[in-house]
Every structure is written in structure tokens, then in C-alpha cells.
Amino acid sequence: MTIPIKQIKLHKLEMRLNDPFTTSFGTFQDKEFFITEAIDDDGNRGFGESVAFSSPWYSEETVQTSLHVIEDFLIKILQENEISHPDDVSGLFSSIRRNNMAKAALEGAIWDLYAKRKKIPLAQALGGTKKEIDVGISIGIQPTVKDLLHTIDHYVQEGYKRIKIKIKPDRDIDVLREVRAHYPDLPIMADANSAYTLNDMHHLQQLDELDLMMIEQPLEHDDIVDHAKLQAALKTPICLDESIHSLADTKKAIQLGSCKIINIKIGRVGGLTEAKRIHDFCKEQGITVWCGGMLEAGVGRAHNIALTTLPQFILPGDTAGSSRYWERDIIQPEVIVENGLIKVPDRPGIGYEIDDVALEKYTVAVKTFDF
Ligand SMILES: O=C(O)CCC(=O)c1ccccc1C(=O)O
Ligand SMILES: [Mg+2]
């Protein structure tokens with residue numbers, strides 16, 4: 001049976017994070033992005049979220065490029081083809097190179113619509129079984145170590161059981177040493193967002209004394225060769241984020257020994273179907289995965305929760321609660337973390353209602369495409 005899409009809407013939103021978020025490449029607080037909405041003949045509404053940022057610091061995609069690709073290419077493909085299952089979408093989109101975040105934003109709305117039409121939770125539609133998921137929190141680079149310890153303390157009090165700390169050259173080993181001294185047993189990991197090169201190998205080997213769960217994306221955003229050399233010289237597992245855009249990349253990285261862990265982000269890999277394929281392959285190979293984050297609003301967060309119910313998502317993800325990011329999220333209820341756990345919603349689709357008043361409040365433009 002085909003999914004009778006009647007209309008697609010692109011809602012452009014502007015939201016402000018409660019606190020600025022600093023990575024090795026800069027500070028960020030204002031977020032512009034799209035919520036995608038796919039509406040069927042019966043009036044069911046499926047929602048997706050575009051995770052591209054305003055500028056191309058994390059990957060080459062931006063809000064503007066994803067809008068261009070969605071409007072001028074991807075929607076046409078959906079208008080011209082029948083879709084009987086959301087897994088069809090990535091195949092149809094394969095004639096367009098990369099632009100994975102644009103693809104994922106549309107595919108996500110179709111996955112939600114599909115699950116709502118079937119009256120099953122998105123998690124179940126994906127094959128997930130967990131009723132609750134473990135989550136951690138990603139903490140940006142803080143002005144001082146004192147601020148960092150204070151921030152960690154706050155989130156440990158809130159129940160988060162795994163802490164990710166952003167690092168960059170000159171704000172790395174010493175900082176992590178102090179954190180480790182204060183929290184001898186806390187599961188801690190570090191994310192460098194590509195701030196190092198292989199010339200830093202000896203420096204990075206000092207990580208091994210800190211008992212970290214992993215070091216995420218230490219080297220270039222597009223590298224898997226140098227990462228293999230670094231991994232051979234490190235006891236600390238390397239986790240790849242920026243370098244992995246597909247199942248094909250995953251296979252190559254694992255074959256080369258570039259990493260021991262993969263951070264799966266739905267947007268970075270072009271959608272839930274590809275994310276699921278990467279998950280399935282890693283499960284076969286015994287490679288641990290976890291679900292990364294892109295400072296999403298509620299819709300993207302709900303998609304991450306659904307994906308994380310798959311069994312190989314062994315380690316806690318970066319999907320923190322709504323209140324960590326937003327004064328008011330765009331879903332009801334908001335995502336709540338208790339004791340480091342999120343209860344997976346059991347209602348159809350993403351399992352959270354869109355808070356239309358909040359959506360309206362943050363919306364700066366809407367574009368509509370009829371089918
Ligand atoms: O809390 C989140 O959503 C994840 C935060 C995070 O680490 C991150 C946020 C924006 C872009 C890249 C990254 C990353 O994982 O590298
Ligand atoms: Mg990362």
C-alpha cells in the first residue's frame with residue numbers, strides 16, 4: 001500500500017539555547033532549522049527535523065543548502081514516485097549525491113507518518129524493543145575548569161550517568177585530569193570535533209591514563225586513515241562521528257581499524273533507514289554504537305529516542321532532556337530524563353504531540369508543497 005502524501009510543509013524556526021554551546025570550532029547559541037511535516041489524505045501529520053546548522057562548521061551542509069536541495073530536488077522526487085514503505089525513500093534519493101541532512105529531514109517526516117498510519121510507535125516501526133533508554137549529556141567547553149566542574153556537578157545531580165566533555169588543544173589533558181580527580185568513577189568521554197592531527201599522537205596518548213570511555217573524532221572530519229594509525233597507538237577507544245556518512249564508510253572504517261565505536265547521527269547518515277543499516281552491520285560485527293545529538297528540538301530528539309531502542313545502541317547517547325536546551329520545547333510532553341533514563345513513548349509515531357502554539361511562536365516562515 002502506498003503512503004498517500006498530500007502535502008509537505010517546511011516550517012523554518014528560530015530558537016535560542018538556554019546556554020551557549022562551545023566546541024573546538026566556536027560558540028553557538030541561536031539555532032535556525034526546519035521542521036518538516038508530511039500530511040496524508042486522512043490528515044495524519046508526520047514530522048521530521050533538519051539538523052543542519054546556519055554555517056558549515058560541523059559538515060558542509062547549512063540551513064540554506066538543505067532548503068535548496070529539499071525544495072529543488074528532493075520534493076520533486078517524492079512528488080514523482082510512489083512510496084510504499086519509508087525504506088524506499090533513501091533509494092529514491094540516491095540519485096542526489098550526499099546532502100544527507102536534507103534527505104534525513106524529509107525521510108524522518110515520512111517515517112513518522114508511516115508509523116502513525118499504522119498506529120504503532122516509531123520505535124516499533126524501526127524494530128526497536130527497549131522501553132527506556134540510557135542517556136548522557138554533552139557539555140561544551142567552559143570558560144574555566146571551575147565552571148566545568150560546576151556544570152558537571154549540576155548534571156550529575158540531575159541523574160546523568162555519563163558525561164561527554166568537549167576538548168581542544170590547550171583545553172584537554174589537564175582539564176580532563178582535574179575532572180577525573182574529582183570524579184574517579186564517573187563514565188567520562190571526550191569529543192574533539194577534529195581539533196587534532198596525527199602530529200599530536202604523543203600528546204593524545206596521555207588520554208590513556210584517564211580511563212575514558214572513548215575519544216570522539218580526534219582527527220580530521222574526513223579522515224579514516226590517520227584515525228587507524230592513532231587507534232593502533234591508543235588504548236582509549238576512538239569513536240568516529242564526522243567521518244561516517246554511510247554504511248559504506250562504516251565498513252571501511254571498521255576494516256581499517258579506524259575506530260572501535262560509532263556515533264550514529266540520523267542527519268549525518270541521510271536518515272533512519274541508513275542509520276538502521278549501520279546499526280545492523282555493527283551488531284553483526286560486534287561494534288558498539290550510540291546515538292549522537294545535534295542540539296535538536298523535540299522532533300529530532302524524539303527520532304533519536306526511537307532509534308536508540310534498537311539493541312546495539314549499547315552506550316548512553318547524547319539525547320539529553322528538553323530543558324537542557326530549551327526554555328520551551330516544541331513537543332508535549334517535553335523529553336524528561338530521570339536517573340539518566342528516558343521512557344520511550346508508546347503512542348503512535350514519534351510518540352509526542354507537536355505543541356502547535358510553541359511551533360507557531362518559533363516559526364519565521366512556512367513553505368507548502370502540494371502533491
Ligand atoms: O547535546 C547534543 O545534542 C549533542 C552535542 C554535541 O556534542 C554536538 C552538537 C552539535 C554538533 C556536533 C556535536 C557533536 O557530537 O560533535
Ligand atoms: Mg561529536
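Residues: numbered from 1 along the sequence shown. As the structure lists them, so they are numbered: ligands from 1, and atoms in each ligand from 1.
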Using the rule side chain to side chain contact (heavy atoms under 4.5 Å, CB included), only one of Ile139, Asp174, Leu149 pairs with Val179; which is it?
Leu149
Short list, please: which atoms of ligand 1 are under 4.0 Å from a heavy atom of Ser138?
5 (C), 6 (C), 7 (O)
Lys166 heavy atoms within 4.0 Å reach ligand 1 at atoms 6 (C), 7 (O), 8 (C), 13 (C), 14 (C), 15 (O), 16 (O)
Nearest 0.5 Å, what's the CG-CD distance between Leu240 and Glu216?
9.0 Å
Numbered in order shown, the ligand 1 atoms found under 4.0 Å of a heavy atom of Tyr58 are 12 (C)
Using a distance-only test with no angle check, is there a side-chain donor-acceptor pair under 3.5 angstrom linking His11 and Glu37?
yes
Short N-O contact, Glu209 and Arg180, less than 4.0 angstrom
no
Scan side-chain atoms only and decide if Glu242 and Ser59 contain a donor-acceptor pair under the 3.5 Å cut-off.
no
Can you name the atoms of ligand 1, numbered from 1 with element, that are less than 4.0 Å from a heavy atom of Asp318?
1 (O), 2 (C), 4 (C), 7 (O)
Look at atom 4 (C) of ligand 1 and say which protein heavy atom is nearest, naming residue and atom and giving the distance to 0.1 Å.
Gly293 O, 3.4 Å
shortest atom 10 (C) of ligand 1-to-protein heavy-atom contact is with Phe53 CZ, 3.6 Å
N/O separation below 3.5 Å, Leu295 to ligand 1:
yes
Purely on distance, is any nitrogen or oxygen of Tyr325 under 3.5 Å from one on ligand 1?
yes
Does CD belonging to Glu71 count more than 12 external heavy atoms closer than 6.0 Å?
yes
Hey, is Lys265 touching ligand 1 through its side chain, its backbone, both or neither, going by heavy atoms under 4.0 Å?
side chain
Using the ring of each side chain (for Trp, its six-membered ring), is Tyr114 parallel, tilted or perpendicular to Trp111, with breaks at 30° and 60°?
perpendicular
Are the aromatic ring centres of His279 and Trp290 under 6.0 angstrom apart?
no
Any atom of ligand 1 sitting under 4.0 Å from a heavy atom of Gln217?
no
Nearest non-hydrogen partners of Asp370 and Gln7, listed with the distance
OD1-NE2, 2.8 Å
Taking all non-hydrogen atoms of both residues, which atom of Gly270 and which atom of Ala104 are closest, and how far apart?
C-CB, 3.7 Å
Atom 11 (C) of ligand 1: the protein heavy-atom neighbour that sits closest, reported with distance to 0.1 Å:
Trp57 CH2, 3.5 Å
Would you tell me whether Ser54 and Glu32 have side-chain atoms, one donor and one acceptor, within less than 3.5 Å of each other?
yes
Return a yes/no value for Lys164: is any of its N or O atoms, backbone included, closer than 3.5 angstrom to an N or O of ligand 1?
yes
Shared ILVMFWY cluster between Phe21 and Leu148, side chains joined below 4.5 angstrom?
yes
Do any nitrogen or oxygen atoms of Asn193 come within less than 3.5 Å of a nitrogen or oxygen of ligand 1?
yes
Return the set of protein N, O or S atoms whose distance to the Mg ion (ligand 2) is under 2.8 Å, each given as residue and atom.
Asp191 OD2, Glu216 OE2, Asp241 OD2
Within-cut-off N or O pair, Asp241 and ligand 1, under 3.5 Å:
yes
Ignoring hydrogens and geometry beyond distance, is a side-chain donor-acceptor pair present between Gln205 and His202 at under 3.5 Å?
yes
Does a donor on one side chain and an acceptor on the other come within less than 3.5 Å for Asp172 and Tyr196?
yes
At under 4.0 Å between heavy atoms, which part of Asp191 makes contact with ligand 1: side chain, backbone, both or neither?
side chain
Mark up the atoms of ligand 1 that fall under 4.0 Å of a heavy atom belonging to Glu216, in ascending order.
15 (O)
